[in-house]
2 protein chains.
Amino acid sequence: MDQNLIDFTTQVVDECLPGKSIDCVIIGFEKQQLKVLLLKWKYEDIWCLPGGFIRKDEDMDQAAQRILEMRTGLKSVYLNQFYTFGSKKRSRLNEEVQLTRMRHVLEEIHGKNEKFVTWITQRFITTGYFALVDIRKTAPHPDMLSDRCEWKSLSNIPGLMMDHKEIILKVMEHLRVQLNYLPIGISLLPQKFTMQDLQKLYEAILKKPLERSNFQRKMLKLGFFIRHEKQLTGAANKAPYLYSFDEMKYNELIEKGIGFRY
Amino acid sequence: MDQNLIDFTTQVVDECLPGKSIDCVIIGFEKQQLKVLLLKWKYEDIWCLPGGFIRKDEDMDQAAQRILEMRTGLKSVYLNQFYTFGSKKRSRLNEEVQLTRMRHVLEEIHGKNEKFVTWITQRFITTGYFALVDIRKTAPHPDMLSDRCEWKSLSNIPGLMMDHKEIILKVMEHLRVQLNYLPIGISLLPQKFTMQDLQKLYEAILKKPLERSNFQRKMLKLGFFIRHEKQLTGAANKAPYLYSFDEMKYNELIEKGIGFRY
DNA sequence: TTCTATTGTGCTATAATGACACAATAATAT
DNA sequence: ATATTATTGTGTCATTATAGCACAATAGAA
């Protein structure tokens, strides 16, 4: 048992709001797949969303920012609250954790900081935030209770703690609606991208194929894409153009509300 | 000081989650205007949303239902969570209340139940729920801390506690988006209504006028309205038909996602 | 040079939208 | 009775959006 951990637990109990947590669904897009950043618990094959607690002296939104930055190293990305989960069963005491080695870890902490174990095993209400990030700009790293922090494909999510699976499903539903109002590609794609990249992103979120030529036209008609040089892929076919977002025009149009639908 | 109040405060502190509340924006529609149900504090000219706390043994959604029922007498109406408000300033200690008679009330309670005053004046994070109800079916009544409970027109909201004004603004934004996915008229209008009633409701939510004849066509094409007898208004002009929702067809189409836009 | 796979644009049929026209009609005024 | 008035239900039409398919352009391989 590491002294840092003891210090951390003491600090959490003293400085954070009880029974109230934040979980971040940090979403990225790579190789035509949506991914979510997950942590694996030490000693156990249980994964969870990166989360944390709200300090008594900070706004909930600030807490979400802090947790996101701690986890990805990113500041000022697209981060939004989407839902609060308040089932009465949301307590670590209801977890299979009780039967596993993680229980021993808690007991070991208990010996040194009984208050923390009581605190952490109470019923929690958690507010979900989602962040859209460019995977290539992140440097994820595990925290004190985890030994791995990895991007996991949405189509292949490992076993998750408590209701974290439900939280991820909820955010995807939310994203599908948001897609009609926000061109979220700007956050998930690298600065320059092809129309195919953008289309695959839309298809991944909507979980349905879109007609290629019409998709391209519809996007370009929005008027905030800048066309750059072609991207020579090495393949034996016509090379696609690269595009980027014209942030000026983009912001103008967001103000008005985008308003398209698939 | 009434014994009920003392019992109530004791019960709240013992049986509810600390620092976590629910506020309900209960929305109705009458005389072509959107209304919201508000409570007026005893002794003070300060209004607030009907709210409450989450018992340790109930889901947050259940708590919202309970609070709604307590306030309006209505069960099983359209009730949904929409956002959680977590500013660090969300405490009754930051209220002008300190300078007013309400402070004396708290102090009076303090004399009898010090724990409650500490509890109630801590920082709260509140989750907003909104309910859509048929005003004609409600029988609002004030609670122990209020002396009035009234429907207030959205265009004429009185001075509100803390961030309750912000909460109402947020829910209206949310409603505007939801309007594209849910025909919320079914909850806000009486069983039979005219197309004009429905149009005025849409206009109130969207805060913009809609073209009458196109609105009517668009709605009827959705296919879940039943036409009834005409409504003789007494006016010197053609009488409009009354319509109601065909719940069967309505539910079928909701499943698929409505999908229209204004 | 030919071939292949993919891209950017063209074309057309169909549906949705917005703006306005107009006949039908319930009650009132004459 | 008849004309008048305001409002409703439906018609029309131009414009725009959508979906489906066609096809030429083209980067590299054969």
Side-chain angles (χ1 to χ4, degrees), chain A residues 31-32 176 179-181 183 185 189 192-203 205-244 246 253 256-262, chain B residues 31-32 176 179-181 183 185 189 192-203 205-244 246 253 256-262:
Chain A
K31 292 185 194 140
Q32 309 201 341
R176 263 187 288 283
L179 199 59
N180 290 320
Y181 302 90
L189 292 173
K192 290 183 181 178
F193 52 88
T194 66
M195 273 299 146
Q196 183 175 225
D197 295 333
L198 190 62
Q199 185 181 339
K200 293 301 174 189
L201 171 58
Y202 272 68
E203 291 179 336
I205 293 173
L206 297 170
K207 290 200 282 195
K208 70 176 184 188
L210 301 171
E211 209 285 325
R212 181 189 59 84
S213 64
N214 292 329
F215 178 84
Q216 171 143 318
R217 227 191 319 266
K218 194 164 178 175
M219 285 297 153
L220 291 180
K221 195 154 53 172
L222 290 174
F224 49 67
F225 291 96
I226 301 171
R227 178 178 282 183
H228 299 276
E229 73 283 9
K230 288 184 178 179
Q231 185 186 47
L232 301 182
T233 57
N237 50 39
K238 187 170 179 178
Y241 287 104
L242 288 171
Y243 295 89
S244 65
D246 182 336
L253 289 167
K256 294 187 209 162
I258 291 277
F260 47 84
R261 171 183 301 277
Y262 282 98
Chain B
K31 291 184 194 140
Q32 309 201 342
R176 262 187 287 284
L179 199 57
N180 290 320
Y181 302 91
L189 293 174
K192 291 184 182 180
F193 51 89
T194 67
M195 274 299 147
Q196 184 174 224
D197 294 334
L198 190 61
Q199 184 182 342
K200 294 300 175 188
L201 171 57
Y202 272 68
E203 290 179 337
I205 294 173
L206 296 170
K207 289 199 283 195
K208 70 176 183 188
L210 301 171
E211 208 285 325
R212 182 188 59 83
S213 63
N214 293 329
F215 178 84
Q216 171 145 317
R217 227 192 317 268
K218 193 164 178 175
M219 284 297 153
L220 290 179
K221 195 154 53 173
L222 289 175
F224 47 69
F225 291 96
I226 301 171
R227 178 178 282 183
H228 300 276
E229 74 282 9
K230 289 186 177 179
Q231 186 185 48
L232 301 183
T233 57
N237 49 39
K238 186 171 178 177
Y241 287 105
L242 287 171
Y243 295 88
S244 67
D246 181 335
L253 289 167
K256 295 186 207 164
I258 292 277
F260 49 83
R261 172 182 299 278
Y262 282 98

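Letters A, B, ... mirror the listed sequences (proteins, then strands); counts begin at 1.
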State which residues pass side chain to side chain donor-acceptor pair (under 3.5 Å) with [X]; sequence neighbours excluded, sorted by chain then number.
X: Gln216(A); answer: none
X: Glu203(B); answer: Gln199(B)
X: Arg176(A); answer: none

Note, Arg212(A) side chain near Leu210(A) side chain (heavy atom, < 4.5 Å):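 Arg212(A) does not reach Leu210(A) side chain to side chain.
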
State, yes or no, whether a side-chain contact exists between Asp197(B) and Pro240(B) at a heavy-atom distance under 4.5 Å.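 Side chain of Asp197(B) against side chain of Pro240(B), heavy atoms only: no contact under 4.5 Å found.
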
Within this structure, what is the [atom1]-to-[atom2] distance between [X] and [N], rounded to whole angstrom?
X: Leu232(A); N: dT6(C); atom1: CG; atom2: P; value: 16 Å
X: His228(A); N: dG8(C); atom1: NE2; atom2: P; value: 14 Å
X: Glu211(B); N: dT12(D); atom1: CD; atom2: C1'; value: 13 Å
X: Leu220(A); N: dA17(D); atom1: CG; atom2: C1'; value: 16 Å
X: Gln216(B); N: dT17(C); atom1: CD; atom2: P; value: 16 Å
X: Asn214(A); N: dT9(C); atom1: CG; atom2: C1'; value: 11 Å
X: Phe215(A); N: dG8(C); atom1: CZ; atom2: C1'; value: 15 Å
X: Met219(B); N: dT10(D); atom1: CE; atom2: P; value: 16 Å

What does the list of N/O pairs under 3.5 Å between the protein and nucleotides 3-5 of chain C look like, with a distance for each?
residue: dT4(C); atom: O2; partner: Ala236(A); partner atom: O; Å: 2.8

Using a 4.0 Å heavy-atom cut-off, does Ser213(A) contact any base of the nucleic acid, only the sugar-phosphate backbone, or nothing at all?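 Base: the residue Ser213(A), judged by heavy atoms under 4.0 Å, touches a nucleobase.
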
Indicate, with a heavy-atom threshold strictly under 4.0 Å, whether Thr233(A) touches base, sugar-phosphate, or nothing.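 No contact at all - Thr233(A) keeps every heavy atom at 4.0 Å or more from the nucleic acid.
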
I'd like to check the side chain to side chain contact (heavy atoms under 4.5 Å, CB included) partners of Ser213(B); sequence neighbours left out, ordered by chain and number.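 Glu211(B), Arg217(B).
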
Heavy-atom donor-acceptor pair, Arg212(A) side-chain to dG8(C) base, under 3.5 Å: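 Indeed, a donor on one side and an acceptor on the other fall under 3.5 Å apart.
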
Does [X] make a side-chain N or O approach to OP1 or OP2 of [N] shorter than 4.0 Å?
X: Arg227(B); N: dT10(D); result: yes
X: Gln196(B); N: dT8(D); result: yes
X: Lys230(B); N: dT25(C); result: no

Residue Pro240(A), side-chain atoms from C-beta onward, closest of dC20(C), dA26(C), dT7(C):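 Closest nucleotide among those given: dT7(C).
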
Distance-only criterion, 3.5 Å: show the donor-acceptor pairs between side-chain atoms of residues 221-232 of chain B and protein atoms not counting sequence neighbours.
residue: Arg227(B); atom: NE; partner: Tyr243(B); partner atom: OH; Å: 3.2
residue: Arg227(B); atom: NH2; partner: Tyr243(B); partner atom: OH; Å: 2.9
residue: His228(B); atom: NE2; partner: Ser244(B); partner atom: OG; Å: 2.6

By nearest nucleotide on DNA chain D, pick out whichever of Lys221(A) and Ala235(B) is the more 5' one.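 Looking at DNA chain D, the more 5' nearest nucleotide goes with Ala235(B).
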
